[in-house]
Amino acid sequence: MPKQVDYESRRRRIAEAVCLLADEHGPEGVTMRDVATRAEVSLGAVQRCFRNKEEMLLFAVDHVGERITERVRARLSSSPAQSAASALGHAATEIALLRKQHRAEARVWLAFVAQAAVSEPLAAKLRISYTALQALLARLITEASENGPADDDAATLDPQREARALLALADGLTSHVLIGHLTAEEAEDALHVHLVRLWEGLPTSRPGKAV
């Protein structure tokens, strides 16, 4: 058991090194030798964890996706009494990686997305992450609509369609903030406006502005 724990810890350490290098040089500029140096382990240790660079990058994508998902879940569990609509606003803000301390993570995520355009294995990994995030948003939308007052518009609300739209908006805002087209505050306001419009038919369930 101790060996297994050390092995998983080493893989995560290597994934962090991959992310740092991908942020500096892009995924295509990452080499196993450079990762070993940055992770302060031997090249052999990296090769024992990952058979090749592609496998290492795929694990790093999973690592970033899981980190984002866990942060969303932690944000939701930290305030169990909040409405589902407010929780949805917080979740969308976390997914958009708008906070300054998540800026490097946002750059890495977008670098992986760009690389995925020419790498089907990488694209497949990203689809899994996006599917999980969309499912989480759809669940929150369903809960918020069920807790709101009875309304014809609410009855026809399609949680999956709305979740797709919200995920696409959050994802797009990430790049707009990174290139300086929008400030983080302006991006948060765009999310807030979208959510308020979503819940116009549910006045008691309107989300508070994400903070």
Side-chain angles (χ1 to χ4, degrees), residues 1-75 91-136 167-184 187:
M1 180 61 71
K3 290 183 178 180
Q4 181 67 22
V5 171
D6 179 69
Y7 176 75
E8 289 304 320
S9 176
R10 177 169 290 176
R11 280 164 65 88
R12 289 192 294 272
R13 182 175 178 178
I14 291 171
E16 289 292 340
V18 171
C19 290
L20 290 172
L21 290 168
D23 186 25
E24 296 170 5
H25 310 294
E28 67 281 358
V30 174
T31 69
M32 297 183 80
R33 186 174 298 279
D34 288 341
V35 168
T37 299
R38 184 61 63 93
E40 298 182 335
V41 298
S42 68
L43 177 59
V46 174
Q47 292 171 330
R48 283 192 291 275
C49 290
F50 304 102
R51 290 172 296 181
N52 50 49
K53 174 182 172 177
E54 181 179 72
E55 188 175 282
M56 184 176 65
L57 289 177
L58 292 178
F59 182 80
V61 170
D62 270 345
H63 179 69
V64 176
E66 288 172 6
R67 199 161 57 188
I68 295 171
T69 302
E70 285 305 310
R71 202 159 54 233
V72 171
R73 289 173 177 162
R75 183 78 182 271
T93 301
E94 291 289 350
I95 291 171
L97 299 172
L98 299 180
R99 295 182 180 182
K100 187 174 182 179
Q101 62 265 38
H102 300 150
R103 206 59 52 79
E105 193 173 69
R107 290 194 299 267
V108 170
W109 184 259
L110 289 184
F112 281 137
V113 170
Q115 186 69 15
V118 294
S119 171
E120 174 53 31
L122 199 56
K125 281 290 184 181
L126 286 171
R127 287 196 295 270
I128 292 172
S129 291
Y130 278 127
T131 297
L133 291 172
Q134 181 178 312
L136 175 60
L167 181 58
L169 173 61
D171 204 44
L173 289 173
T174 304
S175 59
H176 282 257
V177 171
L178 280 183
I179 66 173
H181 174 64
L182 296 175
T183 65

J.: Taking distance alone, no hydrogens or angles, what donor-acceptor pairs closer than 3.5 Å link side-chain atoms of residues 54-65 to residues at least two apart or in another chain?
T.:
| from | atom 1 | to | atom 2 | distance (Å) |
| --- | --- | --- | --- | --- |
| Glu55 | OE1 | Arg51 | NE | 2.8 |
| Glu55 | OE1 | Arg51 | NH2 | 2.8 |
| Glu55 | OE2 | Arg51 | N | 3.1 |
| Asp62 | OD2 | Lys125 | NZ | 2.8 |
| His63 | NE2 | Glu16 | OE2 | 2.7 |

J.: Hey, could you give me the SG/CZ distance between Cys19 and Arg67, rounded to the nearest 0.5 Å?
T.: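 That separation rounds to 5.5 Å.
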J.: If you look at every heavy atom in Ala187 and Val177, which pair is closest and at what distance?
T.: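 Closest approach of Ala187 to Val177: CB-CG2, 3.6 Å.
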J.: Does Gln47 have any side-chain hydrogen bond (donor to acceptor under 3.5 Å, both in side chains) partners at least two apart in sequence or in another chain, and if so, which?
T.: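 Applying side-chain hydrogen bond (donor to acceptor under 3.5 Å, both in side chains) to Gln47 gives none.
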J.: Is any side-chain heavy atom of Leu167 closer than 4.5 Å to a side-chain heavy atom of Ile95?
T.: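 They are in side-chain contact.
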J.: Drop me the distance from Arg71's CZ to Glu94's CD, to the nearest 0.5 angstrom.
T.: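 Result: 5.5 Å between the selected atoms.
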J.: In chain order, what residues pass the side-chain hydrogen bond (donor to acceptor under 3.5 Å, both in side chains) check against Gln101, with sequence neighbours excluded?
T.: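 side-chain hydrogen bond (donor to acceptor under 3.5 Å, both in side chains) list for Gln101, sorted by chain: empty.
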J.: Which pairs with one or both residues in residues 102-125 pass ring-ring contact (aromatic ring centres under 6.0 Å, His included), sequence neighbours excluded?
T.: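 Sorted result for residues 102-125: Trp109-Tyr130.
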J.: What distance separates Glu66 CD from Arg73 CZ, expressed to the nearest 0.5 Å?
T.: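 Atom-to-atom, Glu66:CD and Arg73:CZ are 9.5 Å apart.
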J.: Taking side-chain contact (heavy atoms from CB on, under 4.5 Å) as the test, write out the residues that go with Ser42, two or more places apart.
T.: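 Here the qualifying residues are Ala45, Arg48.
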J.: Under the rule for side-chain hydrogen bond (donor to acceptor under 3.5 Å, both in side chains), what residues qualify as partners of Arg103, not counting sequence neighbours?
T.: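 Arg103 satisfies side-chain hydrogen bond (donor to acceptor under 3.5 Å, both in side chains) with no other residue.
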J.: Please list, chain by chain and in numerical order, all residues satisfying side-chain contact (heavy atoms from CB on, under 4.5 Å) with His181, sequence neighbours excluded.
T.: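 Testing His181 for side-chain contact (heavy atoms from CB on, under 4.5 Å), a comparison that skips the adjacent residues, returns His176, Ile179.
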J.: Which atoms form the tightest heavy-atom contact between Leu122 and Ala116, and what is the distance?
T.: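 Scanning both residues, the minimum pair turns out to be CD2-N, 3.8 Å.
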J.: I'd like to check the side-chain contact (heavy atoms from CB on, under 4.5 Å) partners of Ala111; sequence neighbours left out, ordered by chain and number.
T.: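 Testing Ala111 for side-chain contact (heavy atoms from CB on, under 4.5 Å), a comparison that skips the adjacent residues, returns Pro27.
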J.: Among pairs that include at least one residue of residues 112-121, which meet side-chain hydrogen bond (donor to acceptor under 3.5 Å, both in side chains), considering only residues two or more places apart or in two chains?
T.: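 Of all non-adjacent pairs touching residues 112-121, those that pass side-chain hydrogen bond (donor to acceptor under 3.5 Å, both in side chains) are Glu120-Arg127.
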J.: Can you tell me how far apart OG1 (Thr31) and NE2 (His25) are? Round to the nearest 0.5 Å.
T.: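 Reported to 0.5 Å precision, the distance equals 8.5 Å.
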J.: If I take atom CG from residue Leu133 and atom CD1 from residue Ile68, how far apart are they, to the nearest 0.5 angstrom?
T.: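 Leu133 CG to Ile68 CD1: 7.0 Å, rounded to 0.5 Å.
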J.: What's the shortest heavy-atom distance between Leu126 and Val113, and which atoms?
T.: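 For Leu126 versus Val113, the nearest heavy atoms are CD1-CA, 3.7 Å.
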J.: Would you call Arg38 and Glu24 a salt bridge, taking side-chain N to carboxylate O under 4.0 Å as the test?
T.: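 Salt bridge between Arg38 and Glu24, a charged N being under 4.0 Å from a carboxylate O: yes.
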J.: Once rounded to the nearest 0.5 Å, what's the spacing between atom CG of Leu110 and atom CD of Glu105?
T.: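 Rounded to the nearest 0.5 Å, the CG-CD separation comes out at 11.0 Å.
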J.: Applying side-chain contact (heavy atoms from CB on, under 4.5 Å), can you list everything that pairs with Thr131, at least two apart in sequence or on another chain?
T.: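 Per chain and number, Thr131 pairs via side-chain contact (heavy atoms from CB on, under 4.5 Å) with no residue.
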J.: Ile14 and Val35: which non-hydrogen atoms are nearest, and at how many Å?
T.: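 Where Ile14 meets Val35 most closely, the heavy atoms are CG2-CG1, 3.5 Å.
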J.: Can you name the salt bridge (Lys or Arg N to Asp or Glu O under 4.0 Å) partners of Asp23, sequence neighbours left out?
T.: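 Testing Asp23 for salt bridge (Lys or Arg N to Asp or Glu O under 4.0 Å), a comparison that skips the adjacent residues, returns Arg107.
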J.: Tell me which pairs pass salt bridge (Lys or Arg N to Asp or Glu O under 4.0 Å) where either residue lies in residues 27-37, with sequence neighbours left out.
T.: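 Sorted result for residues 27-37: empty, none.
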